[in-house]
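Notes to accompany the following structure.
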Amino acid sequence: MTLLDIRLTSSNTIPLDGLPSHVGNTPLIPLRRVTSNLPARVRIFAKAEWFNPGGSIKDRPALNIIQTGLINGDLGRGKRLLDSTSGNMGISYATFGAALGIPVTLAVPASASPERLTLLRALGAEVVLTDPSEGSDGAILKARELAAERPDLYWYANQYNNPANWQAHYLSTGPEIAAQTNGQVTHFMAGLGTSGTLMGTGKFLIEQFPHVQILSMQPDAAFHGLEGLKHMPSAIRPGIYDESFASGNLEVRTEAAHEMTLRLAREEGLFVGISAGAAAVAALQIASQLDEGVVVTVFPDAGYKYLSDKSLWEGK
Ligand code: PMP
């Protein structure tokens, strides 16, 4: 069953054609120039997730969480969808909330980039700003507090603990990678935020191809500039995350991710966000250990939401 099948089975009651039907099926793009030092039989591919209608990979879990909420009957009866987010998940909720007529309230750290906050408000979401020094954990605690105070008003989507998050990737990202690589994928690596991308895509791929190595990536320190990613040892642990699932974990420095983000723009024509830069750093690290292989990762979003970080784009 794919996301589209779920959409079709539920279409009697919920109008999920139109915008939601364009989520997923993103291009798989080969890196060609930043990989020039690799052996010829080692290739790196990235899913271009900014091709989703809401501009990021989070369209997949947001849509699946909304769908399961609607199907189970909890959502869509006047309640507001509530969640915490560092930005992208909120943009996806707000996008589909607007398209489907579901009101959205989001707890967001005040440190989120101004582009993200403006986007959320443009899409009509109610934004509750939380203490920037508490990062995404502060937003999680605020959402829990609001959900506990007003269960009559809010439907708590709870992306960190909701299985519909990783299941979206099991149903879409995983099968797409299997098909787009003709089953040739040897390594899959994803950065950890909620861990939904890693857990869902990884679970599908390992079931199909037991030899595939699944690897996680995270920032190397508690205080980092990799928006969307979590340093797991110092963060509230997502309920959907199983630390023993991946066969290895790579740590990426913020500066290395910044440099690579600029290289992707200038050498590949890929104007992507910082977590995509981090993914490329880690993918190159994996690829440099191989004689042959197909390393696949995801580039979660484009660079537009990070434009206010001028030092990043102008380089040294
Ligand atoms: N990169 C960016 C830019 C993100 O917004 C997110 C989601 N927080 C991720 C990576 C990580 O994805 P996931 O939540 O599926 O682990």
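Just so you know, ligand 1 is whichever comes first in the structure, and atom 1 is the first atom listed for that ligand.
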If you measure only the distance, is there a donor-acceptor pair under 3.5 Å linking the side chains of [X] and [Y]?
X    : Y   : value
Y156 : R80 : no
K47  : T26 : yes
N37  : T35 : no

Distance dump, ligand 1 polar atoms to protein, N/O, under 3.5 Å:
residue	atom	partner	partner atom	Å
ligand 1	1 (N)	S275	OG	2.7
ligand 1	5 (O)	N88	ND2	2.9
ligand 1	8 (N)	G228	O	3.1
ligand 1	14 (O)	K58	NZ	2.8
ligand 1	14 (O)	T194	N	2.8
ligand 1	14 (O)	T194	OG1	2.7
ligand 1	15 (O)	T197	N	2.9
ligand 1	15 (O)	T197	OG1	2.5
ligand 1	16 (O)	G193	N	2.7
ligand 1	16 (O)	T194	N	3.2
ligand 1	16 (O)	S195	N	2.9

Exercise. With salt bridge (Lys or Arg N to Asp or Glu O under 4.0 Å) as the test, would you mind laying out the steps for R263 and E259 before giving the verdict?
Key: CA-CA 6 Å; R263 284 190 67 193; E259 278 166 30; over 6 Å; no
Quiz prompt | Pairwise salt bridge (Lys or Arg N to Asp or Glu O under 4.0 Å) hits with a residue in residues 149-173, at least two apart | solution = R150-D152
Quiz item: Centroid-to-centroid, Y241 to W166, below 6.0 Å?
Solution: no
